[in-house]
Each structure stands twice: as structure tokens, then as C-alpha cells.
There are 2 protein chains.
Amino acid sequence: MDPLGFSPHNHDHCISDGVAAADAQCRAKGLQLTPVRRRVLEILLQEHRAMGAYDILDHLRNEGLGSQPPVAYRALDFLVKHGFAHKIERLNAFVACAHPEGDHAPVFLICRDCNSVAESDGRTVRKAMADTASQSGFAIDRSVVEALGLCPNCREGHAE
Amino acid sequence: MDPLGFSPHNHDHCISDGVAAADAQCRAKGLQLTPVRRRVLEILLQEHRAMGAYDILDHLRNEGLGSQPPVAYRALDFLVKHGFAHKIERLNAFVACAHPEGDHAPVFLICRDCNSVAESDGRTVRKAMADTASQSGFAIDRSVVEALGLCPNCREGHAE
DNA sequence: GGGACTCATGTAATGTTATAACAGCCGCGG
DNA sequence: CCGCGGCTGTTATAACATTACATGAGTCCC
């Protein structure tokens with residue numbers, strides 16, 4: 001059940017900081033952080049793990065905020081589009097962004113044991129990708145970089 | 001409709017070479033390249049694009065080789081597991097491996113216009129990822145690296 | 001040959017993830 | 001007041017994937 005950075009932290013801050021950052025950016029860009037969107041972001045921050053759209057929908061349903069898939073997907077699309085959350089393709093799941101302070105190029109480290117997801121700095125990786133792509137004349141818009149393996153905590157358990 | 005390398009080539013060779021490589025590796029490793037598996041690989045090589053499992057299943061059905069989803073998924077699992085094909089997570093689709101000569105770390109370049117997929121050499125990218133991961137003590141097993149953008153051919157069309 | 005085993009296949013049913021399409025609401029500018 | 005854009009509510013369905021169980025073909029060992 002360990003969180004995004006593979007390290008302990010004050011989790012209340014994650015939530016309030018994350019929402020505050022989104023709030024600020026939405027105000028700055030004229031976007032609407034509506035109750036459903038805000039709540040979905042809070043849920044993602046709270047749970048601090050990759051969640052399926054239907055997991056999130058369950059929460060929303062319990063809270064009377066919507067019960068049909070499009071409700072969840074629309075909120076998630078919004079959050080992903082504006083960088084407040086990310087989709088983990090490998091898991092068909094979503095996580096709150098761990099670095100909401102503007103543009104970034106995340107690399108996700110997914111633990112195959114505890115399913116935690118860490119978002120780490122992908123700048124060197126993106127650089128390498130840009131080099132690779134330019135050799136074939138390909139122009140990258142966006143990219144998906146996800147590693148599967150063992151997080152530090154689970155590695156200990158597997159020590160042989 | 002352009003293919004894996006964004007460049008023209010003799011496509012008959014792709015198919016025969018791909019199947020021959022798989023054949024050889026299966027023999028070497030004691031794996032069974034059964035008719036369904038072989039046919040799925042041929043279909044992927046033939047079409048030379050990312051195909052959904054159900055697209056492949058349609059082909060199989062037309063040929064009397066199986067009609068239920070597990071038939072396609074089992075063959076695809078086999079091919080992916082042994083490196084004869086890859087899954088493109090972003091597209092929920094599969095492509096034949098373009099470099100069946102043993103271990104490799106592919107990076108996929110996915111054109112958002114024509115949907116072609118190129119498999120390029122990911123060694124420098126993997127190196128960068130390993131560096132990034134090791135900083136947080138994460139041990140990578142496998143990874144998914146997919147870039148979305150415009151291939152050289154579609155770039156021309158978009159020149160403004 | 002017969003029994004036990006493994007691996008591959010056939011098939012029904014179901015589960016999970018995601019989208020299309022349309023109707024209604026609400027705030028805002030004209 | 002009206003039209004318009006953006007968000008939400010809801011029904012229905014599409015697209016992707018797996019579980020579970022039955023059958024068959026080959027191999028090994030006795």
C-alpha cells in the first residue's frame with residue numbers, strides 16, 4: 001500500500017497541495033475545476049495509487065456524485081488533459097500527478113508486487129527518445145514511458 | 001498504410017523472414033509454433049500494422065482456425081511472451097516484432113495520423129531509464145516505451 | 001497397451017474498460 | 001429573452017480481455 005514516491009510522507013499535504021495546485025492552475029487558465037473533477041482528483045490523491053475508472057466511479061456513486069461511466073471518464077479526461085493526473089496505460093488506470101507544478105515528462109515505475117506507482121523525472125529519458133526518434137524523422141508529441149519491476153520495499157522482501 | 005519502418009521494402013521478405021526466424025527460435029528452444037500461432041504471426045506480418053485481437057480473430061474465423069477470443073489471445077500471448085510480437089499498450093493492439101533476432105528493447109513510434117507503428121532501437125532509452133530508476137532503488141524488469149507523434153510521411157502532409 | 005501427465009485447443013459465459021449519442025441545465029453576452 | 005458553450009445525467013453499446021471447463025494429441029513410464 002505504499003505510495004507514489006516509495007517513501008513515507010505526510011499524506012494530508014499531498015491532498016491539500018495537489019488540489020490547491022490544480023485550483024490555482026485552473027484559475028490561471030480559465031478552466032473549471034467543478035465538484036466532480038475536484039472530487040475525482042481528491043480521490044486519486046487520497047488513495048495514492050493507480051485506480052481504474054470504475055473504482056473511482058464507485059466512490060462517486062457512494063457520494064451521490066454520479067453513477068454512470070461517462071461521469072468518471074469525463075472527469076479523468078479533464079484531469080489528464082490538463083496534467084493533474086496521468087493514465088498508466090499498462091494498468092488501464094489513473095494516478096494523480098505527483099508534480100503538478102507545470103509541464104513535465106513523467107516516467108512511471110510500477111511495482112509488480114505491491115502495485116504502487118512512482119512518478120519520476122523523465123528528462124534524460126525524453127532526451128534519449130527524442131534522439132532515437134529524430135533518427136527516423138519522427139516528431140514526438142507525447143509519450144508513454146512505464147517501467148515494471150520491483151520497488152525498493154518489495155525488493156527487500158524478495159532478497160534471496 | 002505505411003509500415004513499420006516508415007520506409008518501403010519488399011514485403012514478402014518480411015513475412016517469410018519473420019516466420020522463419022520464429023520457426024528457428026522455436027526449434028532451438030523447444031517451443032511449439034502451432035498452426036494457429038504461426039498463422040497469427042503471418043497475419044501480423046502481412047498486415048504490417050498494429051492490430052486488435054478481434055481484428056486477428058476475424059481473420060482466423062474466416063479461415064476456420066478458431067472463433068472465440070481466447071484462441072486469438074492465447075496465440076498472441078505466446079508470440080508476445082517469446083518476443084515474436086509486441087503489444088502496443090497505448091492502442092491495445094499487437095504488432096509483429098521487426099527484429100526477431102533475439103533480445104531487444106524496443107521503442108515504438110506511433111503515428112497519430114496514419115496509425116503506423118515503427119519499432120526502433122531503444123538501447124539508449126533503456127540506459128536512461130535504468131539510470132533514472134536506480135536513483136530511487138527501483139529494479140526494472142520490463143518496460144513500455146511508446147511515443148506518439150507524426151511519422152516522416154505524415155509530417156510532409158502537415159507542413160504549414 | 002494403459003495410466004498419468006503436459007500442453008494445446010474448442011467453446012460458453014462473463015468480466016472489464018471505454019465511448020456514442022442525446023437530453024437537460026446553467027451562466028453569460030447580445 | 002434568446003442563443004451559445006461548457007458541463008452533467010442517462011441509456012445503450014462497443015471494444016478489450018479473462019475464467020472455467022471439456023476435449024484431444026503427444027510423451028513418458030511401467
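Being a predicted model, the structure only gives us computed values, none of them experimental.
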So how far is it from Phe84(A) CZ to Arg38(A) CZ, rounded to the nearest 0.5 Å?
-> 11.0 Å

Quick one: does Glu146(A)'s side chain have a donor or acceptor within less than 3.5 Å of a partner on Val144(B)'s backbone?
-> no

Protein-nucleotide distance (Tyr73(B), atom OH; dT16(C), atom P), rounded to Å = 15 Å

For Tyr54(A) and dT17(C), is the gap between ring centres under 5.5 Å while the planes differ by less than 30°?
-> yes

After noting the C-alpha distance and the side-chain angles of His86(B) and Phe108(B), does the key distance pass the ring-ring contact (aromatic ring centres under 6.0 Å, His included) rule?
-> CA-CA 10 Å; His86(B) 301 288; Phe108(B) 297 102; 5.3 Å; yes

Atom CZ of Arg90(A) to atom C1' of dC16(D): distance rounded to whole Å?
-> 15 Å

Atom-to-atom span, CD of Glu89(A) to P of dT16(C) - whole angstrom = 20 Å

Spacing of OG1 belonging to Thr132(A) relative to CG belonging to Asp121(B), to within rounding of 0.5 Å = 7.0 Å

In residues 18-40 of chain B, which ones come under 4.0 Å of DNA chain D, going by heavy atoms?
-> none

Criterion salt bridge (Lys or Arg N to Asp or Glu O under 4.0 Å) on Arg90(B) and Glu89(A), from CA distance to verdict = CA-CA 6 Å; Arg90(B) 174 75 194 208; Glu89(A) 297 289 342; 3.7 Å; yes

With nearest nucleotides of DNA chain D determined for Phe78(A) and Pro70(B) from heavy-atom distances, which residue corresponds to the more 5′ nucleotide?
-> Phe78(A)

Nearest-nucleotide comparison on DNA chain C, the residue closer to the 5′ end among Asn92(A) and Arg74(B) = Arg74(B)

Donor-acceptor contact below 3.5 Å, side chain Asn62(A) vs main chain Asp58(A) = yes

Starting from P on dT17(C), measure out to CE on Met51(A) and report it in whole angstrom.
-> 12 Å

If only side-chain N and O atoms of Lys87(A) are considered, is one of them under 4.0 Å from the OP1 or OP2 phosphate oxygen of dT17(C)?
-> no

